[in-house]
Amino acid sequence: MTETDAKGVDGAAPAAEVPGVPAAAPAPVDEPVDPGPPLPAKPDQAAPRGVTPTGAETGAGPEAAAQQGAYLTTSQGARLRDSDHSLKAGRRGPTLLQDHHLREKITHFDHERIPERVVHARGAGAHGVFEGYGNAGDVTTAGFLAAGKRTDVFVRFSTVLGSRGSADTVRDTRGFATKFYTEEGTFDLVGNNMPVFFIQDGIKFPDVVHAAKPHPDREIPQAQSAHDTFWDFVSLHTEAQHHTMWNMSDRGIPRSYRMMEGFGVHTFRLTNAEGATSLVKFHWKPKLGVHSVTWEEAQMLGGMDPDFHRRDLHDAIESGAFPEWELGIQVFPDNDEETFEGIDLLDPTKIVPEELAPVQRIGRMTLNANPTNYFSETEQVAFHVGHLPPGIDVTNDPLLQVRLFSYVDTQLTRLGGPNFSQLPINRPHAPVNDMLRDGFGQQGSHAGVAPYKPNSLDGGCPFFAGSDVPAFNDVPVRVAEDRKVRANPASFEDHFSQARLFWKSMTPVEKEHIIRAYTFELGKCYEQGIKERQVQQLANIDPVLCAEVATGLGLPAPGPTVPLTDEAPSPALSQVAGEWPPDGRTVGILLDPSGDLEGLEELRRSVFAADMVPLLIAPHGGTVAGLPVQRTFATGRSVEFDALLLAGCPAAAPDAIAARDEKAGRAEIAALDPRALLLLEECWRHGKAIGAWGAGVSALERAQLDGTRGVVTDDGPDAVFTAVRGLMRAHRVWERFPSSSDVGGQA
């Protein structure tokens, strides 16, 4: 984005060229003493829409819910002269119980935290808008999908296993939950960045979560599946093998929330205006394509920036590079068997390849505002798969059926009672007249005397919707007469063919990453029997995968115990093919302050104009050629940048001594600062585009990278950046990632 074109949610230019500014106004050196009103929210921030607990528009802006007045007060609005000292019996005397302000302040502090989510505790959220394309009317009456219809949304992204304080870049499934505030009632599409799940029946959910969470005796490892209890469970419960394969792939460590696909996981039932039904699966397709970090990058980020994904999302929105996804559906006939091409649509461990059922795009979502308050919005938002508008209904998927109970039950504990829908972030944008009363957290002030039906004292209100009024209808699906059993249908028994389909659909470089992930995770297990058991499961998926992982573990490769199916690859499952807009990416520009800086300002503007963020990297902070330095050799690392431009060949800086910065190494023998060399080598190793001109070419030569794939040189910065920008459209220079011929072949 350009410095003039990048816009906040209200159309105003962001407060700074580079995202990350913490407040709406810069902080002065001295503490302000002249009373003034609270500062407004930053241009990139928004708050829940101003509606009452029962969905009526208030017309109030977001500032109405923020703090008011220039003076510190009690919770009842009484102004205070002091909040630094408790009330004492003399300067050295005991604190007095009568200090009501102290008691209020400490009591509230003691109760600030609510229970974190059992899963999906680590999250990040954003406000946005969804616009329907108008092409879904043949399958559903859902009004928010009408052509040009704009609907407010709030999205929460999350990891599954870790606590609120865990790192963003761990190998894990990511939650992708979207709350549509439709005029017909709230619709929660509560999905993941993977289209399948570990279990087929929700009764197993406590088991898989207990197995994947840290060991209960030591509470380690945090936010990881590389431990005995996880692999003990999935190697015994073989229906988990397909999802485990997705987790071990690059999908388990996304580059950004903005570059994740989203999936509803389950099959839903849609109803059109004529009452005809279809079965569908929901997909979110990111504008920027699907992209991941390498395993080495993930480990580096876990140490230097554990908030990487959260920061990336917020910085992109603050910069005006608004993330976008298209909502799509795969549509299937609603037949009695509820299958398609032999695939059971009620089995949440199965996908339908897009080559068999293309994804039809039916709308676009844009996230254009950050939360104003993390707790009140991102932490208190409550999703539920049973929040459905007219035209969308559930199916008998046994995992979905249990989720319909579990989500409400969870909110009762987390959010203090049954009125969690009245919290501002959860309030519907449709009129609410539910006859539900009282309870913890009641924020409505209900009129009338007859919260029951039928009644005459309140004029008969609320009334049932007649046939002439759009309303939610439970689809009258025939329930087969059968005996009560604790069992799955026979079609659920195939646990390996789709894991094999996924493996065969990967490119050689992606297969190498999967082998590395299995080898690392199983290598972290203590019990030899668990390793051997899981290697046997891999033998039932693919002999090459099994042999390579077994070799890494020092184990013999067993043969399969089930027939290997002949699966046609699904290219849609690979992340490598195609080109995508590089919007919102970060470009590092390495400087030598004593070198030739001609064209630097113009280059910086060109990067902004390309909807990307330039970060200047120099030996020291402050400014270079009048431009602000964002990273120094001591503070910058390669994982922060999607591409690197070399504007010079800086010699070792004064702080390039090992006692001050271990990355400096033996700087006294280096003609190029060792930290700059390390930055350059890491960017190359991670497949990032690199460009240089002038003295920057010398830096390439010293690193022995000149002339290699994805490294561009030219006479000036404009030509170099144009070429690098083109390379970035493929996400990485994939040719730099070699793979063995055995892995590259199809077994």
Side-chain angles (χ1 to χ4, degrees), residues 7-11 41-66 123-134 136 140 142-157 176-191 257-258 262 264 282 284 287 313-314 316-318 320 322-327 362-374 376-385 387-392 420-432 443 470:
K7 303 297 182 184
V9 67
D10 60 355
K42 291 165 42 183
D44 63 288
Q45 294 177 326
R49 188 161 144 191
V51 294
T52 69
T54 52
E57 294 283 353
T58 66
E63 68 282 353
H127 297 273
V129 64
F130 177 85
E131 184 170 346
Y133 289 166
T140 180
F144 75 99
L145 297 173
K149 183 67 177 177
R150 293 170 63 86
T151 301
D152 292 338
V153 297
F154 186 81
V155 176
R156 188 178 188 272
F157 302 103
F176 191 137
T178 307
K179 186 176 288 292
F180 297 82
Y181 300 95
T182 86
E183 294 178 355
E184 298 176 304
T186 300
F187 173 40
D188 286 346
L189 183 54
V190 195
Y257 290 135
R258 301 178 290 127
F282 288 104
W284 286 113
K287 172 188 175 184
L313 176 66
H314 287 230
I317 292 173
E318 183 180 349
F322 300 145
E324 292 184 357
W325 290 261
E326 285 188 296
L327 179 63
I362 59 175
R364 180 182 296 272
M365 178 174 71
T366 304
L367 299 184
N368 57 16
N370 288 313
T372 298
N373 184 279
Y374 178 90
S376 65
E377 298 166 56
T378 307
E379 187 64 15
Q380 289 196 132
V381 67
F383 296 95
H384 175 33
V385 289
H387 291 165
L388 301 164
I392 303 177
F420 57 85
S421 63
Q422 295 184 17
L423 294 168
I425 192 62
N426 297 321
R427 291 177 180 176
H429 293 184
V432 175
Q443 299 178 50

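These values consider heavy atoms only, across backbone and side chains, with no hydrogens, waters or symmetry-generated copies.
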Worked check of side-chain contact (heavy atoms from CB on, under 4.5 Å) between L189 and L327: CA-CA 11 Å; L189 183 54; L327 179 63; 4.0 Å; yes
Y133/E326 under side-chain contact (heavy atoms from CB on, under 4.5 Å): CA gap, chis, key distance, verdict: CA-CA 10 Å; Y133 289 166; E326 285 188 296; 2.6 Å; yes
Chi angles and distances behind the side-chain hydrogen bond (donor to acceptor under 3.5 Å, both in side chains) call for H127, Q45: CA-CA 9 Å; H127 297 273; Q45 294 177 326; over 6 Å; no
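Between T186 atom OG1 and L388 atom CG the span is 11.0 Å, to the nearest 0.5 Å. Here D44 contributes atom CG and E318 contributes atom CD; the two are 4.5 Å apart, rounded to the nearest 0.5 Å. Taken to the nearest 0.5 Å, the CG atom of L367 stands 11.0 Å off from the CZ atom of R258. Between the NE2 atom of H384 and the CZ atom of F420 there is a distance of 7.5 Å, given to the nearest 0.5 Å.
Put simply, the side chain of T140 reaches to within 4.5 Å of the side chain of L145, judged on heavy atoms. Two residues are said to be in side-chain contact when any heavy atoms from C-beta on lie closer than 4.5 Å; I392 and F144 meet this criterion. You'll find the side chain of E184 reaches within 4.5 Å of the side chain of P470, heavy atoms only. Contact annotation: the side chain of L423 never approaches that of S376 to less than 4.5 Å [non-hydrogen atoms, C-beta and beyond]. Residues V129 and V153 form no side-chain contact, since every pair of their non-hydrogen atoms from C-beta on lies 4.5 Å or further apart. Within the 4.5 Å cutoff, the side chain of V381 has heavy atoms near those of the N426 side chain. Between M365 and T178, the closest side-chain pair of non-hydrogen atoms falls below 4.5 Å.
V432 and P428 make their closest contact through CG2-CG, 3.8 Å (heavy atoms, listed as atom of the first residue, atom of the second, distance). Residues D188 and A382 share a closest heavy-atom pair of OD2-O, 3.8 Å. Smallest separation of non-hydrogen atoms from T378 and A124: CG2-C, 3.8 Å. Closest approach of F383 and V190 over heavy atoms only: CB-CG2, 3.8 Å. Heavy-atom minimum distance, A430 versus G185: CB-N, 3.7 Å. When every heavy atom of F154 is checked against every heavy atom of Y181, the shortest pair comes out as CB-OH, 3.7 Å.
Between F130 and W284, the ring planes are perpendicular. Angles over 60° get that label, and only those under 30° would be called parallel.
Salt-bridge formation is not detected for the pair E131/K149: no Lys NZ or Arg NE/NH1/NH2 atom is positioned less than 4.0 Å from an Asp or Glu carboxylate oxygen. In summary, E57 and R49 engage in a salt bridge, as defined by a charged side-chain N under 4.0 Å from a carboxylate O.
In this structure a side-chain-to-backbone donor-acceptor pair under 3.5 Å is present from E377 to N373. Counting only distance, with no hydrogens or angles, the side chain of T372 and the backbone of A46 share a donor-acceptor pair below 3.5 Å. Side chain of T366 to main chain of N368: no donor-acceptor pair is present (N/O by atom type, distance under 3.5 Å, no hydrogens or angles).
Checked against side-chain hydrogen bond (donor to acceptor under 3.5 Å, both in side chains), R427 has the following partners two or more places apart in sequence or in another chain: Q443.
Between W325 and F157, the distance separating the two ring centers is shorter than 6.0 angstrom.
Within a 6.0 Å sphere centred on CD of E183, other residues, nucleotides and ligands contribute 12 heavy atoms or fewer.
For the pair K179 and F187, the cation does not sit on the ring face, since its NZ or CZ is not both under 6.0 Å from the ring centre and inside 45° of the axis.
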